[in-house]
Visitor: 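Mind having a look at this structure? Questions to follow.
Positions are given from 1 along the sequence. Treat the numbers as computed from the prediction; the structure is a model and nothing was measured. Atom set for the values below is all heavy atoms of this structure, side chains included, hydrogens, waters and symmetry mates excluded.
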Amino acid sequence: MQSNIKKPRLFAMLAAGLVAALSLSAHAAPKEHFNVCWTIYAGWMPWEYAGTQGIVDKWAKKYGITIDVTQINDYVESINQYTAGQFDGCSMTNMDALTIPAAGGVDSTALIVSDFSNGNDGIVIKGEGKKVADLKGMKVNLVELSVSHYLLARALDSADLTEKDLKVVNTSDADISAAFNTNDVKAVTTWNPMLSDIKAKPAVTEVFDSSKIPGEIMDMMVVNTQTLKDNPALGKALTGAWFEVVALMNSKSAASTAALEHMAKASGTDLAGFQSQLNTTKLFATPKEALDFATSAQLPQTMRKVAEFSFQHGLLGEGAKDTSAIGMSFANGVTSGDKTNLKLRFDPSYVQMAAEGKL
């Protein structure tokens, strides 16, 4: 999933995040009731299923807590609410975790890196036989400062171009399909399901997609670090529930078909449509698969690229002097950025418990 943040809103929200961070640290203590949020996207529909079908309740009860799973219709608003302390956890991409809560001073932990976009995001140009190089001099419509913007930057890298070689036109995700239907718009960068609609139009070329940068656009369940530290039961229950649903989805049974049909309907499509979106989502099928990704040497390298892009676009906060402004920590004691300002932590320890059958 991606964001539609604009700078004025971002910086106003960052100030609120700093206040929230102070209040959270002042009141952090063990508790029994938690609330996490999610928004509609193929890779996050398991949260809807786990919440509505009693799976989260079952795992929460096992650890003596309760967890509400709340759907928020607006993706950016869900992260804003998490950053402001209204939720203990929230589904978001790796870039948005860095540029919203972490940049806003809220110490956050990627509890589960659940999948990465493997073709769910793409760049389309009108005309047949086009290439990335053809973007030179064009206007490209996209959700500015989102992972679509990041994808465009990575595509331009591959063709020895920069953003100075074209013009980015900020367009909301709700409007981008309609915009492509007009004569004025020649190129867009977007994600599914809008991407599928646009690619289906005659005489268009998808010149680049996220499968060319595997593992760089990640979907995660992010939780407040202090809350997780004080309440490991939250991490155990969420991780257990997540992998129970993913195992069901991959069981190739009547029950898995029913679960997938439920998720498809809940996300506003049919089974075929939902399956096509899952096909371009590398959803980690087992805790071991997720653990291997979260402990890989590639993850810190990817996040350094994301930090570079974020700094260049003013997304690491007004006081950020360089790409290392926000510290990040990873498995095996690896850190990146300012170690005195660690605000985004990739902690695979709960996924490791799942892989070892210890949940």
Side-chain angles (χ1 to χ4, degrees), residues 1-2 37-53 55-56 69 71 73 75 78 90-96 110-124 146-148 151 173 177 189-200 206 208-222 238-239 241-294 351 354:
M1 192 58 204
Q2 359 284 320
C37 61
W38 67 280
T39 48
I40 288 179
Y41 177 70
W44 291 326
M45 293 315 295
W47 288 119
E48 188 279 339
Y49 189 87
T52 61
Q53 303 304 301
I55 295 172
V56 167
V69 181
Q71 180 187 347
N73 291 328
Y75 170 63
S78 72
C90 183
S91 59
M92 64 188 79
T93 68
N94 52 320
M95 186 173 118
D96 293 322
L111 178 72
I112 306 165
V113 180
S114 52
D115 68 83
F116 61 79
S117 175
N118 198 33
N120 259 337
D121 301 76
I123 303 170
V124 179
S146 70
V147 290
S148 287
L151 182 76
D173 52 332
S177 291
T189 306
T190 190
W191 61 87
N192 277 324
M194 296 81 71
L195 179 63
S196 295
D197 294 340
I198 290 168
K199 282 165 58 177
E206 183 178 50
F208 196 86
D209 69 50
S210 52
S211 68
K212 306 282 201 315
I213 52 167
E216 293 191 29
I217 299 175
M218 306 164 215
D219 300 313
M220 318 192 300
M221 172 53 73
V222 173
L238 289 173
T239 305
W242 175 264
F243 285 109
E244 178 174 331
V245 176
V246 173
L248 172 62
M249 292 170 70
N250 286 284
S251 65
K252 292 183 170 55
S253 62
S256 68
T257 301
L260 291 168
E261 286 176 339
H262 173 101
M263 292 181 215
K265 184 177 180 181
S267 65
T269 186
D270 57 15
L271 182 57
F274 186 57
Q275 192 62 59
S276 70
Q277 292 178 41
L278 286 178
N279 289 343
T280 48
T281 305
K282 176 52 182 172
L283 190 69
F284 300 125
T286 64
K288 175 66 165 58
E289 207 174 291
L291 182 64
D292 288 346
F293 183 85
V351 173

Visitor: Could you verify whether a donor N or O on one side chain and an acceptor N or O on the other, from Asn118 and Ser211, lie under 3.5 Å apart?
Guide: no
Visitor: Quick one, Ile123 with Leu151, criterion side-chain contact (heavy atoms from CB on, under 4.5 Å). Give me CA distance, side-chain angles, the key distance, then yes/no.
Guide: CA-CA 8 Å; Ile123 303 170; Leu151 182 76; 4.2 Å; yes
Visitor: Is a side-chain N or O of Asp219 found less than 3.5 angstrom from the main chain of Ser114, in a donor-acceptor match?
Guide: no
Visitor: Kindly indicate whether the side chain of Asp121, heavy atoms from C-beta on, has any atom under 4.5 Å from the side chain of Thr189.
Guide: no
Visitor: Taking C-beta and beyond as the side chain, do Phe274 and Met45 meet within less than 4.5 Å on heavy atoms?
Guide: yes
Visitor: What distance separates Thr257 OG1 from Lys252 NZ, expressed to the nearest 0.5 Å?
Guide: 10.0 Å
Visitor: I'd like to know if the side chain of Thr281 reaches the main chain of Leu283, judged simply by a donor and an acceptor atom lying under 3.5 Å from each other, with no hydrogens or angles considered.
Guide: no
Visitor: Going through the distances and angles, do Glu48 and Val69 end up as a side-chain contact (heavy atoms from CB on, under 4.5 Å)?
Guide: CA-CA 8 Å; Glu48 188 279 339; Val69 181; over 6 Å; no
Visitor: Would you say the side chain of Ser177 lies within less than 4.5 Å of the side chain of Ile198, judging by non-hydrogen atoms?
Guide: yes
Visitor: Verify whether one side chain among Asp96 and Thr93 offers a donor that lies under 3.5 Å from an acceptor in the other.
Guide: yes
Visitor: Just verifying a value: how many Å separate Met220 CE and Trp44 CH2, rounded to the nearest 0.5 Å?
Guide: 9.0 Å
Visitor: For Phe284 and Lys282, what are the C-alpha separation, side-chain angles and deciding distance, and is it a side-chain contact (heavy atoms from CB on, under 4.5 Å)?
Guide: CA-CA 6 Å; Phe284 300 125; Lys282 176 52 182 172; 4.2 Å; yes
Visitor: Would you please test Val245 and Trp47 for side-chain contact (heavy atoms from CB on, under 4.5 Å) and show each step?
Guide: CA-CA 8 Å; Val245 176; Trp47 288 119; over 6 Å; no
Visitor: Might you point out which heavy atoms bring Val351 and Ala290 nearest each other, and give the distance in Å?
Guide: CG1-CB, 4.0 Å
Visitor: How many angstroms lie between atom CZ of Phe243 and atom CE of Met249, to the nearest 0.5 angstrom?
Guide: 12.0 Å
Visitor: Of the non-hydrogen atoms in Gly215 and Phe293, which two are nearest, and what is the gap between them?
Guide: O-CZ, 3.6 Å
Visitor: Find the distance between CE (Met92) and CE (Met218) and round it off to the nearest 0.5 Å.
Guide: 14.0 Å
Visitor: Just checking, is any N or O donor in the side chain of Ser267 or Thr269 under 3.5 Å from an acceptor N or O on the other one?
Guide: no
Visitor: Is a side-chain donor or acceptor of Ser117 paired with a backbone partner of Ser210 at a separation under 3.5 angstrom?
Guide: no
Visitor: First locate atom OH of Tyr49, then atom CD of Glu244, and finally report the distance between them rounded to the nearest 0.5 Å.
Guide: 9.0 Å
Visitor: Just so I know, are the side chains of Lys265 and Leu271 near enough to count as touching, which here means a heavy-atom distance under 4.5 Å?
Guide: no
Visitor: So which atom in Ala354 and which in Thr239 form the shortest heavy-atom distance, rounded to 0.1 Å?
Guide: CB-CG2, 4.1 Å
Visitor: Decide yes or no for Met221 and Trp242: does some side-chain heavy atom of the first lie under 4.5 Å from some side-chain heavy atom of the second?
Guide: no
Visitor: So Ile217 and Met95, do their side chains get closer than 4.5 Å, heavy atoms only?
Guide: no
Visitor: Measure across Pro46 and Met263 and return the closest heavy-atom pair with its distance rounded to 0.1 Å.
Guide: N-SD, 4.0 Å
Visitor: Are Asp173 and Tyr75 linked by a side-chain donor-acceptor pair shorter than 3.5 Å?
Guide: no
Visitor: Would a 4.5 Å heavy-atom cut-off, applied to side chains only, mark Cys37 and Gln71 as touching?
Guide: no
Visitor: Hey, what do you get for CG (Leu260) to NE2 (His262), rounding to the nearest 0.5 Å?
Guide: 11.0 Å
Visitor: Determine whether a donor-acceptor pair (N or O, by modelled atom type, separation under 3.5 Å) exists between the side chain of Ser196 and the backbone of Asn192.
Guide: no
Visitor: Under 4.5 Å between any side-chain heavy atoms of Val124 and Lys199, yes or no?
Guide: yes
Visitor: Quick check: closest heavy atoms across Ser78 and Thr39, and the distance to 0.1 Å?
Guide: OG-CG2, 3.8 Å
